[in-house]
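Everything on this sheet refers to the single structure shown next.
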There are 2 protein chains.
Amino acid sequence: MVITNGIAPISAPSPIGTTTISPQSPIVDPLPYVSLKTGLCYDVRMRYHAKIVTNAYDYTDPHPEDPRRVYRIYKALAEAGLVDMKGASGAEHIGGKLMQHIPAREATKEEVTLVHEIKHWDFIERTASMTQDELVEETDNGDSVYFNNESWFCAKLSCGGVIDTCKAVVNGDVKNAIAVVRPPGHHAEPYKPAGFCMFNNVAVASRVILKEFPEQVKKILILDWDIHHGNGTQRAFYNDPNVLYISLHRYDNGKFYPGGTFGNYDKVGEGPGEGRNVNIPWPCGGMGDGDYIYAFQKTVMPIAEEFGPDLVILSSGFDAAPGDELGECFVSPAAYGHMTHMLKSLAHGKLAVVLEGGYNLDSIATSALGVTKVLIGDAPIPLTNVYARPEAVQTVDKVSRTQARFWKCMKIGHMIHDLPEAPAVERLQDIIRRYQASQLFAHFSMTKLPIFRDRISRSFEDQVLCTPGFQSAKTVVVIVHDPPDVWTEPDPVTGQISLHETFVMDAEIKYIQWAHQKGYGVVDINAPAVFTDQEDEGYNVQAALQDLCLYVWDNYLDLSDARNFVFVGVGEACGGHVYLLGHREVRERVRAAIAFAGSKTVFPIVPIMDEFITDWYYKNSLVLTSSNHPMWEQSNGGKNPRKKYGNVQKTEYETMNELLIGKYTDVIAFAEEDIEESSSEEEEAGPDRKRLKNEGSSDEGWVDGVIPTSAAIM
Amino acid sequence: MVITNGIAPISAPSPIGTTTISPQSPIVDPLPYVSLKTGLCYDVRMRYHAKIVTNAYDYTDPHPEDPRRVYRIYKALAEAGLVDMKGASGAEHIGGKLMQHIPAREATKEEVTLVHEIKHWDFIERTASMTQDELVEETDNGDSVYFNNESWFCAKLSCGGVIDTCKAVVNGDVKNAIAVVRPPGHHAEPYKPAGFCMFNNVAVASRVILKEFPEQVKKILILDWDIHHGNGTQRAFYNDPNVLYISLHRYDNGKFYPGGTFGNYDKVGEGPGEGRNVNIPWPCGGMGDGDYIYAFQKTVMPIAEEFGPDLVILSSGFDAAPGDELGECFVSPAAYGHMTHMLKSLAHGKLAVVLEGGYNLDSIATSALGVTKVLIGDAPIPLTNVYARPEAVQTVDKVSRTQARFWKCMKIGHMIHDLPEAPAVERLQDIIRRYQASQLFAHFSMTKLPIFRDRISRSFEDQVLCTPGFQSAKTVVVIVHDPPDVWTEPDPVTGQISLHETFVMDAEIKYIQWAHQKGYGVVDINAPAVFTDQEDEGYNVQAALQDLCLYVWDNYLDLSDARNFVFVGVGEACGGHVYLLGHREVRERVRAAIAFAGSKTVFPIVPIMDEFITDWYYKNSLVLTSSNHPMWEQSNGGKNPRKKYGNVQKTEYETMNELLIGKYTDVIAFAEEDIEESSSEEEEAGPDRKRLKNEGSSDEGWVDGVIPTSAAIM
């Protein structure tokens, strides 16, 4: 080809654009996929399957798997103009410019028994000739499934419709398709009907496609977003490496239908099918667009792309839509459209959507319309809520970690190795506490305070430290605190943290240093987040901390010479000193109760010993919360907390360390003011509250021990 | 409506499906978007802008921004049948069933100066009447931009074409569009042309749309996947909150064109535009499909969805495609299609694709075809490589952390608070080493070995520990190790780690315990990953460790009574003892050199003092690597490592702790065998190598101190 840059083209037009392209008259369509219509399988006869009316409630409170379900979806598509409606009762007339009708036909015994046992087929067949009483009895005996004499016919029609829908997609008769069918299928197990389902339509269709199109379709992805786990589908392919089953569903710790643990995230398939089963089990209702889109972007699509399916079948229940009383979730038609759009990017766009559950007739109609518009080629409606809830993030994280064993894309950022067994494994909380103890010993000569009590003694062994001779100090600061914060940035690839890039922030030491400089005694109580000692495992830490605070008060503090106590709580551990203040007579000696609540619980005082303690607490406390504490959210009405929570203040800080450092000056001023006041009162009243002294006798408290330079601590 | 469940419908057909739907005869198309064509802006006159030929090289090595670029793309679309080609030279004939022609017209001064300064417009205007010499001079003076007398016309045509392309999309004349234009625009700054660009087509079009469609378009997303950073576009909207600019580009630490730091991830916009600029700066070439798809799923799409644009403009350079000599990346037409598909889900599908760079004529043609097919409605081609490289994961992680300040979706799993200043912040590596020291003291009475040397003394202060009286032990085990591994699962929502769910794995203690039980002396050298002492910051740790090992040998080990030394290295720290073995005469006393290399560097021995040391090392060493060590990858040819690397073995273990625990029995057997051999030789040779003894004198080594029960250690 002649090089044509330079100025030559202007004076003498180059051959570009006139001779190098041969005249094009494409015989076949250049983009056949675009030119194809979207298939629609719909047959009014599927409404014949219905629950036999046995009492008046059946009229006023119809069964959720209602015959109108398929019709209402069809009606929504027709009213939106997606299908022509010359005579909506007859399947032969539907279709039109945008959609192409796929007739339903009865599935054969040969097809159905690719998934189901023959006795299962035989049983459903028998229902066609049962008496009404027998049908009612079988309905009552079954696992959430009802029968009439038409159930057999409808089940075959539904299943056959799904098979032919998938075939039409694979054959390229349509670009994609939706099968608006009932009864649904995904709960039907190989050996029994269940959950409104008789034959597992999607499972049977998958088996038929794998059998009849061995060259074109080697791998199928079944994506199931029905709010219920598709136990039957999972079972049918649990050991099959060629069918990847991904389900998003409510799990509720095994309490949501179909119940049990088969739908949990750790069920990953078995044998050759190991790693070909992905459950995304929501822990509760209320999941919405942001949660589903997050799961799709983070897990569903990466795994699906790595799998590389030749066909995608969507088990599309619409019971996660708002208004569905069983699902109690909030997935909008826009989100259903976005998820459909994402799935269209797989398998050359070969996507068959199959109706499963969904019981609010309005919701399933608008949801199915959202999906179908995107199938036809419309752009999805923009999402308005794209935030994932913490519950969703946590669930997706568990799924990712679990699936990291099987999918390279899920390994990113996860430490997939199991924690080795002992020897030589220690919890960081224990290491840091022992380190703290050694530091407090080195700088302030602090040592363990003996705790002799059956239950809590071992787990709290290293947790209570005190300055020497605190029993004879005039003022004692009691600090009850959570373990320190750790700041790190894990390696985004491996998820590992580097010791040299991990920082432990222990700003409490500023307060110990303050007390030390003032000559106050210090008792430091660390509240571990969990107990390490196996005997104490499961013992409630907050309850144990409350016991411990009472123990320390009764056995040490109350017996000491101190006239002034300052309580300082940090984090959830504030619950310990607040409990103590309510359960002992402390008003005369405790001068200040400071709670660094941060974003943790703010504990109310419970007046067990002293009816005036609530007023006292409100006047003598400082409860410091972070700017993002839930109590300041508008949904809480913006009201000030009640007096029993103390003098609660909102600060501008977010993290505990910012709070501890930022409020240092205010807090020590608050504490010292009260101490001074009490000292002058004390002088007037005379030293009548002195008690038995321990060996140390100076009212000034101890001054010996290692006096740290500030550089050594800071 | 009559309730129709129960068997009633069969005997008496319900009104469903016949009367409730009113006859539909939609006057307008129900899905106008689907029915619209994709727009194509193309004008052969844009080829008039060309570099003036000044020497012979211009013919054989044409400028990359070649006039044929737009034609080759058009030709590819035509040959694929996407546009009719009645007379490819004339813009008036293009279009057809799938695409609709959008004529290019010259942008006006009023339009262009919405972005560019008037003197910039005036300068480009002047080029139309410059002499050839003047043009060549301006070309030589400019920042990678050339001019001829037609440049002025082509720049206006390119810019006007892009404006009208965006208008056609916003107006709904087309569903989406591609503008195959040149010269490109995204490097053109408001005040100067640069990087083959004269007017910033996309920036000008954005300003025109925001001005002329204030109701329909309030927010625009500009996605720029040209391999170069679009500095001009970023500049134009840097303080504009209504235009979100997201760019994926090679950055190469500021060395890749356009250079400097303006394209780095920390450039997030300013003023009201803060948080409306997202740079994803690749650190190197070689990025491919998996990297781009990962960035899209992880960052681009979540941020774009949260932004919620009314129009998406794609600055579509194709210089990340394979074959582009400037880009050196590997983004396939399939991946371009997938990214286009994802972008189609935004803004009701209103997407305008605008050509920027891309210089391999074949690559840009196939890439643009991949994009255009998806614009028209084809399903993207399945991806074959969906794995993100570590470089991509790290880059996207940095971007996510940075953008977490502005986008709620990016906050997930990131600790966005800055590390507070001291006081009270300690590196975990220091805490754990001090804890280790206290444990080794408690169980084995190990204490610090004094290190008196200017440079390394402070950072290694706590790092070298020894058993009491090791100088008089017959056998001394010298352990040189990395800090222990930490195992944790950060909270997936906040990114925080919990101390009670974080475990420190320190399996080395098994080897100290073994030596202790045998009565051997122990010297334990910890190699921190970085130096904490500020004076030592930046000092190479490996070099310091080598110095330290020589120091410990010269001042302690060589002077000791020991007849047997066993060296045990763990991790990168193996480099210390391997260095020592090559730099001192050690063969007579060192019985075994064990290196737990894991997946870290395997160090070769360098024979400085002893020419036979390589053979000796091969015979007396055991170098244990993990199953996933890079040296065993097939790309390394599968050859066994050379002798200087020692007796290297591949194990079945992956992590260092598995390796330390799993090979324990083998390793101590290997060490003990050599010790015994040497002892019997020793007896024959007589005790002629005894030296000055320290206070301890028992050949058995120390036996006093705390003798741990195994429970206390394990």
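Here is the naming used below: chain letters follow the sequence lines, and residue numbers restart at 1 for every chain.
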4.5 Å side-chain heavy-atom contact, [X] and [Y]:
| X | Y | result |
| --- | --- | --- |
| A/Val486 | B/Thr502 | no |
| A/Ile432 | B/Ile432 | no |
| A/Arg427 | B/Leu499 | no |

Contacting region of [X] [heavy-atom separation from chain B under 4.5 Å]:
| X | answer |
| --- | --- |
| A/Ile376 | both |
| A/Leu351 | neither |
| A/Ile293 | side chain |
| A/Phe296 | neither |

What are the two closest heavy atoms between B/Lys97 and A/Ser35, and how far apart are they?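 Closest approach of B/Lys97 to A/Ser35, heavy atoms only: NZ-OG, 4.4 Å.
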
Considering residues at least two apart in sequence or located in another chain, which fulfil the salt bridge (charged side-chain N to carboxylate O under 4.0 Å, His left out) criterion with A/Asp397?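 Only A/Arg401 meet the salt bridge (charged side-chain N to carboxylate O under 4.0 Å, His left out) criterion with A/Asp397.
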
Who wins among [options] for the most heavy-atom pairs under 4.5 Å with chain A?
| options | result |
| --- | --- |
| B/Ala388, B/Pro483, B/Ala347, B/Pro302 | B/Pro302 |
| B/Lys408, B/Lys175, B/Lys350 | B/Lys408 |
| B/Leu346, B/Leu82, B/Asn149 | B/Leu82 |
| B/Pro309, B/Gly377, B/Pro32, B/Pro382 | B/Pro382 |

Could you tell me the separation between the [atom1] atom of [X] and the [atom2] atom of [Y], rounded to the nearest 0.5 Å?
| X | Y | atom1 | atom2 | value |
| --- | --- | --- | --- | --- |
| A/His348 | B/Ile381 | NE2 | CD1 | 7.5 Å |
| B/Glu305 | A/Tyr387 | CD | OH | 11.5 Å |
| B/Asp378 | A/Tyr33 | CG | OH | 7.5 Å |
| B/Gln297 | A/Lys298 | CD | NZ | 11.0 Å |
| B/Met342 | A/Ser345 | CE | OG | 7.0 Å |
| A/Leu383 | B/Glu306 | CG | CD | 12.0 Å |

Highest number of heavy-atom pairs under 4.5 Å with chain B: which of A/Thr54, A/Val396, A/Ile431? A/Ile431

Which residues satisfy the ring pair (Phe, Tyr, Trp, His ring centres under 6.0 Å) test with B/His341, sequence neighbours excluded?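 With neighbours one apart ignored, the set is A/His341.
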
